[in-house]
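So the structure is just underneath, and the comments pick up after that.
Positions are given from 1 along the sequence.
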Amino acid sequence: MSAPVIDKQRQSTGGGSSHKPSLVHRMAEHGIDRTLLLLVPGLLFVIVLFVYPFLYGLNLSLHPNKGGMFGAYKAFFTDPEMRGWESLWITLKLSLPAALINVAASIPLAYMMRGNFRGKRLLTTILVVPITLGTVLTAEGLLNFFGPRGWFNRFLGLFDLGPVQLVQNYWGVLWSLIISGFPFAFLLILSYMSGIDPSLEAAAKTLGADWKQRFRRIIMPLLAPGLATTFCLTFVLAFSVFPSAILVGDPSGSTRVVAYVAYNAWGQMFDYPLASASAIVMGVVEMIVIAMVLMLRSTMYKGATGGKG
C-alpha cells in the first residue's frame, strides 16, 4: 500500500499526527477545566469586599486636601496631633505580646488535649467560651473584676493592699486582647497538634527519648508552620484593636492605637484621606510583621506541615 493511501486512511480514522486536540482538551492539559468556574463566586466576593475597598482607600489617601500626593502620610507621621509614630508603637506593644502569650499558652494545653480522655469536650468548650462573649461583654467583666471597686481590689483590701489599677490603661487592653484571642489560637494549634502522627513519638520513645526530647525534636519542628500561621492570625486580630482601647483603656494616652487615630481622622476631623492613610499604614505594618514571621518559619522547618489545621 502506497504512502498517500496510508496518510488518507490515518486522516479518515483520526489517528494521524496531524489530528489537533480540541480546545477543551488543550486547556485541561494545563489544569484549566470547568471546575475552575467554582472559583468565580469566591473571586467576585474577594474583589467586591476586599480588593475594591483597598484600592478605593489607597486612591483616597493619595488625594489629600493639602500637602501633595503624600500629604496625608506626611501628616500621619509628623503632625503632633496625630502622634502617628507613638500610636504605631503602642499598637505593636499591645498586639505582639498578646499574640505571643496566646500562642505560648495554647501549646501546652493543645499538647495535653490532643488525645481522647473523659471530659475533653467539656474542657474544650470552657476554653473557647470567650469567643461567644464579644468585646463589650469582656470589657464589662474586666471592669467589674479589676476595676477600682471590683472584686480583685476588694480582695486586696482585706489585706490592706491596693487598690491596683488594672483597667483604663495598657493592662486592661492587653487582658482583653488575650481573653478574646486565646480561643482562636487554642483551636488552631489543637488542630495542628492533633494532625501529627503519634507513631513518630512512639518510635522516638522506643529509642530512649524522653518527653522533653520528643517535644523539642519532633513536635515543635512539625508544629512550627502552624505556630507561625496562628501567630499571624492572632497578631492581625490584636493589631486592629479598637473597642477594647476605648472601653478598658486610655485612648487619649497609653492606649492610643492606630485604629483610634484613624477613627478620629474620619469621625471628628472629617479628613477622609488622612483616615485612609492611617488604615493603609496599619496594613503595611501588619504585612511587614507577617512577612518576617513567615521568613522565620521557613528557616525553622521546610517540610510539610504536620497538622491539618
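Note: Tyr272 OH to Phe270 CZ = 6.0 Å, rounded to the nearest 0.5 Å. Separating the OG atom in Ser252 from the CD1 atom in Ile246 is a distance of 10.5 Å, to the nearest 0.5 Å. Note that CD1 of Ile196 and OH of Tyr111 are 9.5 Å apart. Values are rounded to the nearest 0.5 Å.
Under the side chain to side chain contact (heavy atoms under 4.5 Å, CB included) rule, Val173 has a single partner from Pro251, Ser244, Ser254, which is Ser244.
Classified by interplanar angle (parallel below 30°, tilted 30° to 60°, perpendicular above 60°), the ring pair Phe77/Trp85 is tilted. In this pair, Phe70 and Tyr73 present their aromatic rings tilted. The plane angle is within the 30 to 60° band. In this structure, Phe152 and Phe145 have tilted ring planes: the angle between them lies in the 30° to 60° band.
Counting heavy atoms from C-beta outward, Ile219 and Met193 have side chains that approach closer than 4.5 Å. Looking at heavy atoms from C-beta onward, Leu174 lies in side-chain contact with Trp171 at the 4.5 angstrom threshold. Considering only heavy atoms from C-beta on, Leu92 comes within 4.5 Å of Val285 through its side chain.
Around the OH atom of Tyr263, the shell of radius 6.0 Å holds no more than 12 heavy atoms that belong to other residues, nucleotides or ligands. For Lys120, the NZ atom is densely surrounded, since the number of other residues' heavy atoms within 6.0 Å is greater than 12. In the displayed structure, Met269 atom CE is contacted under 6.0 Å by more than 12 heavy atoms of other residues, nucleotides or ligands.
The heavy-atom pair separating Gly181 from Leu237 by the smallest distance is CA-CD2, 4.2 Å.
Sorted by first and then second residue, the pairs that involve residues 212-229 and meet salt bridge (Lys or Arg N to Asp or Glu O under 4.0 Å), not counting sequence neighbours, are Glu201-Arg214.
In summary, the side chains of Ser61 and Asn59 do not present any donor paired with an acceptor at a separation below 3.5 Å, with no hydrogens or angles considered.
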